[in-house]
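So the structure is just underneath, and the comments pick up after that.
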Amino acid sequence: MKAAVVTNFSKPLEIREVPIPDLVPGSGQMLVRIETSGLCHTDIHAAHGDWPVKPSPPFIPGHEGIGRVESVADGVSPEWVGKRVAIPWLGSACGNCGYCISGWETLCENQINSGYSVDGAYAEYALAYANGVVEVPDGVSSVDAAPLTCAGVTTYKAVKVARVVPAERVAVFGIGGLGHMAVQYARLVGGLVTAVDIEQSKLDLAAELGADHLVNAAETDPVEAIREVGGADVAVVLAASPKPFAQAYRSLRRGGRLVMVALPADDAAITVPIFDTVLGGISVIGSIVGTRADLAEVFALHAAGRTRVITQTRSLDQVNESFDDVLNGRVPARLVFEL
Ligand SMILES: [Zn+2]
Ligand SMILES: [Zn+2]
């Protein structure tokens, strides 16, 4: 099968012919014929070894994989065969720990991460886990389903954990693959949305998707601009550098919630002033992807026509130029490889 392989953190990916992976009996695995695979910024961090915990090359990235189950390992229900499934970042969790049994499988300490700790979906076939995949409903195309599998569920969960109520102001910092979905989820729960980005084209996209207030952070201080309209009740940070995190914190009004989602390279930090946090009743929340239940909800909303996914499709052979295009801000929202 064809696959895009990371051989070294400092080299481009290689398009190679590699063997179709074997199912391990009793492993809970299924073999999926991949149809589409979204390009998430995390794949670039994985390929470059940017984060404190690194994957080990050679490996195949990709955690927005959509495809049909071709076969299953012994022990997995044969009813999965032929179903179209999504393979998310949370490839599998233990299913037994306190986190897993209380609806927080995303926090499981024994999780498998697609395209990071195991090979992912930048390939014609990928192994997935029956206790990790989510079935894709008929009303969602494979091209749309790919970005929903990470960008969608991650921002949906961020809006959920922030407990946004109608007429609250939600500031979304960073309007890319994740941000264009965050704007829509914040609106779905009744939020008034401020979109913050440094590129006018991204702000135009946010406006098209219903953002109420636009701030170009390359021209205006977003803290002042948001405070002028009363401050943010919720600020969701999707831009992967420390500066917007600090700006997002300072844009909050009393009772505000800062939701940290993006993961900058290295082990970045911001300073949280204790006095303002205590007196302002501020919450700082970390939010990592979403559960299978969250993803099923994301698909249901999309199938019902409540969200739009802005994508451009590419062939897997264009993986390296696609990484460059993402790093240089030359893509509309999300790139999706068709296999
Ligand atoms: Zn992702
Ligand atoms: Zn667990």
Side-chain angles (χ1 to χ4, degrees), residues 4 6 28 34 36-51 53-55 59-66 86-122 126 128-134 143-158 174-182 185 236-240 259-265 286-295 298-299 309-311 319 322-323 326-327 331 333-337:
V6 176
I34 300 295
T36 58
S37 194
L39 193 177
C40 178
H41 209 123
T42 292
D43 300 329
I44 302 179
H45 289 305
H48 292 169
D50 280 336
W51 289 336
V53 181
K54 296 178 199 309
F59 70 95
I60 301 169
H63 58 273
E64 288 186 345
I66 307 297
I87 308 174
W89 168 255
L90 187 57
S92 164
C94 85
N96 302 310
C97 72
Y99 299 117
C100 282
I101 63 173
S102 60
W104 284 98
E105 64 205 42
T106 48
L107 304 183
C108 177
E109 297 197 62
N110 288 305
Q111 60 182 270
I112 290 171
N113 296 121
S114 310
Y116 212 88
S117 61
V118 295
D119 281 339
Y122 282 16
Y129 293 83
N131 70 351
V133 297
V134 173
V143 170
D144 283 0
L148 293 173
T149 298
C150 182
V153 75
T154 299
T155 50
Y156 178 71
K157 187 68 165 189
I175 307 298
L178 275 78
H180 90 289
M181 298 308 303
Y185 295 126
V236 181
V237 192
L238 308 169
V259 188
M260 296 185 169
V261 178
L263 289 169
S287 186
I288 176 77
V289 294
T291 62
R292 286 168 288 171
D294 295 319
L295 182 53
V298 160
F299 286 150
V309 183
I310 309 296
T311 56
V319 65
S322 299
F323 275 24
V326 170
L327 290 172
V331 299
R334 205 57 151 186
L335 295 181
V336 175
F337 300 116

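Numbering starts at 1 and runs along the sequence shown. All values reported here derive from a predicted model rather than from experimental measurement. Note that ligands are numbered from 1 as they come in the structure, with each ligand's atoms numbered from 1 the same way.
A distance of 9.5 Å separates OG of Ser92 from CG of Asn110, quoted to the nearest 0.5 Å. Taking CD1 from Ile60 and OG from Ser37, the interatomic distance works out to 10.5 Å, rounded to the nearest 0.5 Å. The CZ atom of Phe59 lies 10.0 Å from the OH atom of Tyr122; values are rounded to the nearest 0.5 Å. Taking CD of Glu64 as the start and SG of Cys150 as the end, the distance is 5.0 Å to the nearest 0.5 Å.
Here the Zn ion (ligand 1) is the vertex; the SG atom in Cys40 and the SG atom in Cys150 give an angle of 130° (to 10°). Annotation: angle subtended at the Zn ion (ligand 2) by Cys100 SG and Cys94 SG is 110°, to 10°.
Put simply, His41 stays out of reach of the Zn ion (ligand 1), with no N, O or S atom under 2.8 Å from it.
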